[in-house]
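Structure, as structure tokens:
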Number of protein chains: 2
Amino acid sequence: MKGKETRTRLDRETVLATAADLVKQHGPAALTMRKLAAELGTAVTSIYWHVGNRESLLDALVERTVADLGEIQPTGRTPARRAASVARALRRQLRAHPHLVAMVHERGLTDRMFLPAQQALAHEMYAAGLRGARAADAVRAVQVHVVGHVLVERNRERAPVQRPGEHQLWEARTAGQDPALARALARPLDAERLFTLSVRALVTGLLGAAGEVAAGLGDEVAAGGADGATGTDENATASGPGN
Amino acid sequence: MKGKETRTRLDRETVLATAADLVKQHGPAALTMRKLAAELGTAVTSIYWHVGNRESLLDALVERTVADLGEIQPTGRTPARRAASVARALRRQLRAHPHLVAMVHERGLTDRMFLPAQQALAHEMYAAGLRGARAADAVRAVQVHVVGHVLVERNRERAPVQRPGEHQLWEARTAGQDPALARALARPLDAERLFTLSVRALVTGLLGAAGEVAAGLGDEVAAGGADGATGTDENATASGPGN
DNA sequence: ACCTGAACACCGTTCAAGT
DNA sequence: ACCTGAACACCGTTCAAGT
């Protein structure tokens, strides 16, 4: 159970490695200096010599994880689709490291982490005809949407079963004018589908103004938004070979 | 400093009240049973008699805060604008109780908390011509966007100064084809403006498909998305009288 | 240069004992 | 019915002492 037995020398590298392991398995809250020491087979205080303290240990962990995130490779034939594909790729990266988003945010490393995605998005916004501050707004809107969506998703997964639950709530209430709507809201939510759908809508909305006016790709954009309900098809599995 | 001096009887009510006070001032992490006891002028263990334990104390706190959130009163002349106004009102509610979102999520009370907003949104989506599952998707997309945005905002505010900072990052990098875009991304982000703008785009995108096809209000929707940069004007201060 | 145990100041929670 | 102190099992961190 305790992992390493014949310990000769402790090492900043192995401290980080086993710490990363603990975080990956049980989350950052479960990473206590004492448990880590037990796992390493050393005294608690030895860890301090190599990594300073718990806080800088987590810093280093985050830094290293961010460093070897895969490249983001946009896919699709139009800027709108390519921007959406960047959003999906970003979400996939984040979900591959379940505790990363929260840790990164707490540590104020968000900007560095999202720079590759930001640049990819900026490129597509430019290609779609957005310029300057307007393009910057679009980039940031998508970025915040993705991070926010992943945070909400993660919380929803971690949370104990929703206490009243949309189910009962919507069943009990007067279903209003649209019983089909009430039934749909009572069904459990498919996060992946909702993400794909909302990103598409957001990008469409962001490009819409400039798109129709400036670049004449309004029809393409509208088509991208119109096939909504089909959800996850070919372009959901496309990603860079890096990850 | 210790607040109450002449303490006759402890009371679940006053325990909750002072606990709420501590959370409001220093966040939920700062609410320790021992500090709370000190503030109350009682033994730590007395608290346990009234509220069980720390976890159910926080549960009760959240429950009570959610209970007296104000009504959500949509404003605006079109469904798109009214839906966006619901999103803004929801954001305002959440920001009025800075620690609420995270606590609510951790406790799995999200559904109950957002039911009023959800119903208001559902109403507007129906008015905009969306039906059934499609309307449900739109409602949830907006809901997740708002919660996610607020979570990101909160984290950004709490976080220590972003370490590398978009500033330096974007200045250092090859600014690509659009130096104005790079400059805009180097500027600090105006969360309120970005929120207004992205919600508008999202709603436009969500209604776009059904709106143009079914209800013939595509021009109105497009106009709503096109006046983008002006941001927070009349309808930003509108809310129910409840809060 | 690296590792150790003892010690300090914190936590939440339980429990027998008081009134 | 309500409040108490002592005690337990945890934390992160410091520090003098070892090799």
Side-chain angles (χ1 to χ4, degrees), chain A residues 1-63 99 102-103 106-107 158 160, chain B residues 1-63 99 102-103 106-107 158 160:
Chain A
M1 266 298 175
K2 279 292 149 52
K4 326 295 149 40
E5 292 294 337
T6 50
R7 166 134 315 292
T8 40
R9 259 320 188 75
L10 199 51
D11 190 282
R12 176 183 167 90
E13 185 51 37
T14 65
V15 171
L16 289 181
T18 39
D21 224 60
L22 284 179
V23 169
K24 188 123 205 171
Q25 287 183 22
H26 310 102
L31 177 67
T32 77
M33 302 302 269
R34 289 175 149 91
K35 277 193 197 125
L36 178 55
E39 194 72 20
L40 286 165
T42 65
V44 203
T45 44
S46 306
I47 302 171
Y48 284 80
W49 198 92
H50 288 100
V51 296
N53 55 20
R54 196 187 114 101
E55 205 48 35
S56 37
L57 202 180
L58 288 175
D59 279 359
L61 245 43
V62 167
E63 200 103 30
H99 310 288
M103 292 174 71
E106 282 161 13
R107 259 139 259 285
R158 231 183 343 136
Chain B
M1 264 296 173
K2 280 294 150 47
K4 325 298 149 38
E5 292 294 339
T6 51
R7 165 135 316 292
T8 40
R9 260 318 187 75
L10 199 50
D11 191 279
R12 177 183 166 89
E13 186 50 38
T14 66
V15 171
L16 289 180
T18 38
D21 224 61
L22 284 179
V23 168
K24 188 123 203 168
Q25 287 183 22
H26 310 101
L31 176 67
T32 75
M33 302 302 269
R34 288 175 150 92
K35 277 194 197 121
L36 179 54
E39 194 72 21
L40 286 165
T42 64
V44 204
T45 44
S46 306
I47 302 171
Y48 284 82
W49 199 93
H50 288 100
V51 297
N53 55 20
R54 197 187 113 101
E55 205 47 36
S56 37
L57 202 181
L58 288 176
D59 280 357
L61 245 43
V62 166
E63 200 104 29
H99 310 288
M103 292 175 70
E106 282 162 13
R107 260 141 258 285
R158 229 180 348 135

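Numbers restart at 1 for each chain; the letters A, B, ... are given by sequence-line order, proteins then strands. Because the structure is predicted, anything quoted here is derived from the model rather than measured.
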Hey, could you give me each pair passing salt bridge (charged side-chain N to carboxylate O under 4.0 Å, His left out) that has a residue in residues 49-58 of chain B? Not counting sequence neighbours.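 Every salt bridge (charged side-chain N to carboxylate O under 4.0 Å, His left out) pair that includes a residue of residues 49-58 of chain B, provided the two are not neighbours, is B/E55-B/R107.
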
What is the distance, to the nearest angstrom, from the [atom1] atom on [X] to the [atom2] atom on [N]?
X     : N      : atom1 : atom2 : result
B/K35 : C/dC10 : NZ    : C1'   : 9 Å
A/R9  : C/dT4  : CZ    : C1'   : 14 Å
B/L57 : C/dG12 : CG    : C1'   : 12 Å
B/I47 : D/dT4  : CD1   : C1'   : 13 Å
A/L31 : D/dC11 : CG    : P     : 11 Å

Pairing stems for DNA chain D [at least three consecutive pairs; Watson-Crick or G-U; under 3.5 angstrom]: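 Correct response: C:4-8 with D:12-16, C:12-16 with D:4-8.
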
Spell out, as yes or no, whether a donor-acceptor pair under 3.5 Å connects the side chain of B/T18 to the backbone of B/T14.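 Judged by distance alone, yes, a pair lies under 3.5 Å.
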
Are side-chain heavy atoms of [X] and [Y] found at a separation under 4.5 Å?
X     : Y      : result
A/V44 : A/L36  : no
A/N53 : A/I47  : no
A/L58 : A/M103 : yes

What string of B, S and - do you get for nucleotides 13-19 of chain C, 5' to 3', when a contact is any protein heavy atom under 4.0 Å? BBB----

Check: residues 23-32 of chain B side-chain donor-acceptor pairs under 3.5 Å, at least two apart:
| unit_1 | atom_1 | unit_2 | atom_2 | d |
| --- | --- | --- | --- | --- |
| B/Q25 | NE2 | B/D21 | OD2 | 3.3 |
| B/T32 | OG1 | B/K35 | N | 3.0 |

For [N], does either OP1 or OP2 sit under 4.0 Å from a side-chain N or O belonging to [X]?
X     : N      : answer
B/T42 : D/dC3  : no
B/S46 : D/dT4  : yes
A/T32 : D/dC11 : yes
A/H50 : C/dC3  : yes

What residues, two or more places apart in sequence or in another chain, satisfy side-chain contact (heavy atoms from CB on, under 4.5 Å) together with B/A20?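 In terms of side-chain contact (heavy atoms from CB on, under 4.5 Å), with neighbours along the sequence ignored, B/A20 is linked to B/L61.
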
Kindly write out the residues that satisfy side-chain contact (heavy atoms from CB on, under 4.5 Å) with A/A43, not counting sequence neighbours, or none if the list is empty.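 By the side-chain contact (heavy atoms from CB on, under 4.5 Å) rule, A/A43 matches A/T45, A/S46.
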
Could you walk me through whether B/D59 and B/S56 pass side chain to side chain donor-acceptor pair (under 3.5 Å), step by step? CA-CA 5 Å; B/D59 280 357; B/S56 37; 6.0 Å; no

With a non-hydrogen cut-off below 4.0 angstrom, is B/L36 in contact with a base, only sugar-phosphate, or nothing?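 Result for B/L36 = nothing.
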
